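What you are looking at is a predicted structure, and each value in this text was computed from that prediction instead of being measured.
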Amino acid sequence: MRYRYIIGWIFVTGLSLGLLSCGHYLDAKPDEKWTLPSTAEDLQLLMDNYSLMNGQYPAAGEMMADNYYLSADDWNTLSENARDLYLWQKNDQTKDYWVYQPILTANVVLDNADNIKVPADSIRALRDQAKGSALFFRAVYFHALVQLFAAPYDKATAATDKGVPLRLSSSYKDVSVRASVQQCYDRIIMDLQAALPLLPALPQIKSRPSRPAVLGALARVYLDMRDYAKAAAYADSCLHLYNTLLDYNTLDAMADVSIPRFNPEVILDMISPAANTLLPGTNKTDTTLYKSYADNDLRKSICFLNNDAKSFKGDYGGMGSQNGYIFAGIVTDEMYLIRAEGRARAGSTALAMQDLNTLLEKRWRTGFFVPLTATDATEALSKILTERRKELLFRGTRWTDLRRLQFDPILAVTPARIMNGNTYTLPPHSLRYAMQIPIDVIALTNIPQNP
């Protein structure tokens, strides 16, 4: 009952997704029966709201990525917003991806955590875990937001490029302003580093953050910033704590759900809400990408129903071919790939290929895998990026990769879509790498819109 009252207070306070201010106040006030969290158990209950904290990762990046294509008939069944995202057109009806509600809940925990008395070590540990979880989730959602609503990170311009509002309090009276991209990344890193000592050394419940999850998130952030040395270092630290890989030879390729939820590779489980664009049978995996899987590469049968590029079932969220969402959690395979890429970029060709082969050996049919080789770091990097795309299909990473790789003329990609006889492209440094901020948010806060 108490948990329901706390959630009710958060809902009323966050009617506009935690973005009220600039002189705008809520008319609705919390009911007198609703209360703020006052115990460590209250805080942890808020963090254990899976559908809110783990289940709101925005899918828009995957919807704009080049891993798939749509037929004209399927495209026409989508909402106008989804159709525009697919073709990289301007659209300010993007409130479904402006995910500040989990950030608001995290801020409620952080605003109240230090007020809770901790007479026993067990209570202190529970409070610290809730506080660390709040810092983690706030950072993860800030990072998700800058991937969609801010320009790709560029060290030369990050101090002046517009990021997203950094809501650091649960008060609805705080003014919303757009921080710079650099300020956003500084806060994301600060929150993750602050969370690290507060969380358990190993994942105990895979919906709750742990130290390996924090280290994995830091590896992702630095990869996005193109600081490949730090990305590799944090991936390495993550793998030193947790490095289990799933042997695909042990999975049932004929099952609708071949990869079990909370499997041994998963460090932290997170997903997006379902999107019609991503429903198997609606989208078709890019033809060239699908054909790049060798016959003895088990991902071809494990991840696609009946070896059909139209029915991807390789998600790690346990829904198989019925998903329609992306899995956005922290997983060991991604950490091997980040460390491999960092090592290749540092010129450590042998170590980079060792990481890649360690992963691929678990993906190929037993007895058929021949370790990949590379004559130099450039060739190693090319092979790692190829396998990264194949391994992390429909996990939201491709959008981030397109954004960061556009700064390298050799690795930059120009995705293209053909629809109704027209060709649409997304060239490097396009303004469409940042979505339009929701129109109702602009009206409410007066923050500047993206061009």
Side-chain angles (χ1 to χ4, degrees), residues 2-3 5-11 13-14 17-19 34-58 98-118 122-146 164-172 174 179 184-201 203-218 220-221 267-271 328-330:
R2 177 182 180 83
Y3 175 64
Y5 291 156
I6 294 169
I7 290 296
W9 178 85
I10 292 173
F11 175 75
T13 306
L17 302 182
L19 290 169
W34 291 339
T35 183
L36 292 172
S38 60
T39 68
E41 288 81 1
D42 288 344
L43 301 181
Q44 189 58 58
L45 281 170
L46 290 173
M47 290 296 94
D48 283 341
N49 183 353
Y50 180 91
S51 63
L52 178 62
M53 303 311 298
N54 300 72
Q56 294 300 313
Y57 196 92
W98 191 253
V99 285
Y100 274 86
Q101 191 68 19
I103 293 171
L104 171 62
T105 304
N107 284 336
V108 170
V109 170
L110 294 170
D111 286 349
N112 290 278
D114 292 337
N115 298 326
I116 292 175
K117 296 179 180 179
V118 285
S122 60
I123 301 300
R124 180 178 292 104
L126 185 61
R127 183 201 63 179
D128 287 350
Q129 179 172 278
K131 184 176 179 180
S133 296
L135 288 163
F136 173 87
F137 281 119
R138 185 169 74 177
V140 166
Y141 280 104
F142 277 148
H143 187 232
L145 285 161
V146 296
V164 298
L166 291 173
R167 301 289 298 184
L168 303 177
S169 163
S170 58
S171 172
Y172 66 88
D174 287 352
C184 290
Y185 277 90
D186 289 346
R187 170 52 64 176
I188 291 164
I189 292 167
M190 185 185 305
D191 279 358
L192 290 172
Q193 290 176 338
L196 191 60
L198 300 174
L199 294 170
Q204 299 166 340
I205 299 174
K206 294 199 172 185
S207 58
R208 290 180 177 177
S210 60
R211 290 179 195 173
V214 175
L215 294 166
L218 282 163
R220 281 180 168 179
V221 170
I267 297 171
L268 179 80
D269 184 273
M270 287 188 74
I271 62 173
I330 308 293

Heavy-atom side-chain contact between D111 and S169 under 4.5 Å: yes
Euclidean distance, L135 CG relative to N107 CG, rounded to 0.5 Å: 9.5 Å
Nearest-0.5 Å distance, CZ of residue R127 to CD of residue E41: 12.5 Å
R167 side, atom CZ; L145 side, atom CG - distance, nearest 0.5 Å: 12.5 Å
Closest heavy-atom pair and its distance - I103, V99: CD1-O, 3.9 Å
S207 side chain to N54 side chain, donor-acceptor N/O pair below 3.5 angstrom: no
Nearest-0.5 Å distance that lies between atom CD1 in I116 and atom CZ in R124: 12.5 Å
Stepwise side chain to side chain contact (heavy atoms under 4.5 Å, CB included) test for F136 and L198: CA-CA 10 Å; F136 173 87; L198 300 174; over 6 Å; no
Gap separating the OG1 atom of T105 from the CG atom of L43, nearest 0.5 angstrom: 12.0 Å
Where P197 and A194 come nearest, the two heavy atoms and their spacing: CD-O, 3.4 Å
Distance (rounded to the nearest 0.5 Å) between L52 CG and L46 CG: 9.0 Å
Heavy-atom closest contact (H143 atom, Y185 atom, distance): CD2-CE2, 4.0 Å
Salt bridge (charged side-chain N to carboxylate O under 4.0 Å, His left out) partners of D191, counting only residues at least two apart: R138, R187
D269 side-chain N/O to K206 backbone N/O, donor-acceptor pair under 3.5 Å: no
Nearest heavy-atom neighbours spanning L166 and A179: CD1-CB, 3.6 Å
Pairs involving residues 208-218, ordered by first then second residue, that meet side chain to side chain donor-acceptor pair (under 3.5 Å) (sequence neighbours left out): D48-R208
Nearest atoms (heavy-atom pairs only) where A130 meets V109: O-CG1, 3.7 Å
Side chain to side chain contact (heavy atoms under 4.5 Å, CB included) partners of D186, counting only residues at least two apart: Q182
Side chains of I330 and P212 in contact at under 4.5 Å (non-hydrogen atoms): no
Considering all heavy atoms, the nearest S38-D42 contact: N-OD2, 2.9 Å
N/O donor-acceptor pair under 3.5 Å between Y100 side chain and P165 backbone: yes
Any donor-acceptor pair under 3.5 Å from Y141 side chain to Q56 backbone: yes
